[in-house]
Amino acid sequence: MARLQHTVTVAALDRCWFEECAALLLDVVESTRTGPDGTLLEGGEPVPGVRLVKGRHLRAGARYTVTQDPAPPTPGEAPQAPVETLTIGIREWRRSTAIAVEQRVASADAVGRVTLRLRTPDRPSGLEARCTLRDPAGGFLRRISGRARIDLAAWWAAVAAPAGALPAARPPVSARARHPLGRADLSIAVRPAGDGARKAGADGRKAGADGRKAGAGVWEVGVTVAVRGRALLRPPAALVLLLFRFPLKRAFRQGIDETAARWNEVVEAGLPSPEELRAEFTEAVVTRNPGEAGPG
């Protein structure tokens with residue numbers, strides 16, 4: 001088994017800002033309506049390519065199709081693949097308890113299913129995701145499955161913990177990917193960094209608008225990845241990992257450092273207000289090109 005671990009320091013995100021943004025984005029989704037002309041925003045602007053085909057809008061059992069037309073071919077290049085349609089189903093939609101959706105993927109490259117479940121959406125406390133993907137052409141090695149869990153309540157509790165407090169028994173973020181050749185496990189732990197960190201719990205929720213835009217302190221984030229091969233493949237896998245141990249560690253740390261740097265750049269530059277984010281989200285939905293990547 002190979003184990004990679006690295007810790008970085010990042011600018012904190014204010015809890016109040018995060019929860020306000022989540023609620024406003026859900027408000028935009030719930031303000032939409034459906035009809036013969038497809039899906040429309042509150043102001044009547046059409047949402048390109050999205051159509052209700054079964055059930056009641058945003059109710060359990062509802063099913064939508066999302067059509068993704070190919071982008072126009074550039075001169076001298078062959079035309080792209082034909083129109084692709086995704087199917088999105090609503091398993092549960094209750095702002096007070098949970099929202100659960102399922103996306104079915106069926107294309108020439110992949111077939112599978114992705115499910116997402118957000119707990120207590122008005123004040124998000126957790127997100128769970130599961131996926132299964134396979135190559136429609138078949139093949140033992142051409143399939144993968146995975147699951148992920150983000151315990152937001154545990155995250156906010158961890159960043160609000162006093163100095164010297166013991167870490168939680170389970171990290172607030174974890175994920176596992178399975179492949180016929182082996183599996184990989186990811187875990188992310190967090191704690192306040194240094195004396196300058198501001199509490200992100202109850203005190204953080206009282207921060208003003210300027211504090212929300214500037215972030216709310218500093219976090220120390222630890223990322224751990226463990227890779228394990230199947231029983232018959234462990235000896236050769238162990239040899240490969242031994243030979244490439246240092247390049248793997250270097251690439252892993254570099255990737256985490258670059259991600260942290262991009263995060264800090266965005267947060268410290270000043271985040272948009274919830275209303276600004278809502279306007280940007282609405283504009284992005286209306287101007288979405290169905291030929292580009294779809295939701296998720």
Side-chain angles (χ1 to χ4, degrees), residues 1-8 10 66 68 80-81 84-89 91 100-118 126-152 154-155 167-190 221-263 292-296:
M1 181 179 74
R3 185 182 180 86
L4 306 172
Q5 190 169 11
H6 190 47
T7 300
V8 292
V10 300
V66 182
Q68 302 182 65
Q80 296 189 14
E84 215 172 84
T85 300
L86 304 177
T87 301
I88 297 178
R91 290 185 168 186
V101 299
E102 175 185 272
Q103 176 177 315
R104 292 186 178 272
V105 181
S107 69
D109 300 319
V111 174
R113 180 176 61 187
V114 179
T115 60
L116 298 171
R117 188 172 190 270
L118 178 66
L127 177 66
E128 299 168 0
R130 291 180 178 271
C131 76
T132 57
L133 292 172
R134 63 178 178 83
D135 188 330
F140 173 68
L141 300 179
R142 296 182 176 181
R143 67 175 187 267
I144 191 171
S145 64
R147 67 175 187 267
R149 176 189 62 88
I150 303 175
D151 188 337
L152 289 168
W155 183 280
R170 293 172 56 183
V173 180
S174 61
R176 170 172 291 181
R178 291 184 178 274
H179 185 268
L181 296 180
R183 81 177 193 215
D185 292 284
L186 165 74
S187 64
I188 300 177
V190 65
V221 179
V223 183
T224 302
V225 173
V227 182
R228 183 188 297 271
R230 294 292 186 183
L232 295 176
L233 298 172
R234 285 176 187 170
L239 177 59
V240 171
L241 291 172
L242 179 63
L243 293 174
F244 294 96
R245 178 178 54 183
F246 292 110
L248 281 173
K249 286 185 176 181
R250 184 167 56 250
F252 174 76
R253 291 177 177 175
Q254 182 179 352
I256 300 298
D257 287 339
E258 291 176 351
T259 301
R262 287 195 295 270
W263 171 281
E292 297 175 353

Quick check for you: to the nearest 0.5 Å, what is the distance between [X] atom [atom1] and [Y] atom [atom2]?
X      : Y      : atom1 : atom2 : answer
Glu128 : Arg149 : CD    : CZ    : 8.5 Å
Gln5   : Ile256 : CD    : CD1   : 11.0 Å
Arg130 : Ser145 : CZ    : OG    : 9.5 Å
Glu102 : Leu116 : CD    : CG    : 10.0 Å
Arg253 : Thr7   : CZ    : OG1   : 9.5 Å
Leu4   : Leu186 : CG    : CG    : 11.0 Å

Would you name the heavy atoms of Leu141 and His179 that are closest together and state the gap between them?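 Leu141 and His179 have their closest heavy atoms at O-NE2, 2.8 Å.
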How far apart are the closest heavy atoms of Leu133 and Gly112, and which atoms are they?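 For Leu133 and Gly112, the tightest heavy-atom pair comes out as CD2-CA, 4.0 Å.
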If we check side-chain contact (heavy atoms from CB on, under 4.5 Å) with Leu118, which of these qualifies: Ile150, Leu127, Val101?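 Result: among Ile150, Leu127, Val101, Leu127 is the only option passing the side-chain contact (heavy atoms from CB on, under 4.5 Å) with Leu118.
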Val223 side chain reached by His6 side chain, heavy atoms, under 4.5 Å: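 SC-SC contact between His6 and Val223 ruled out.
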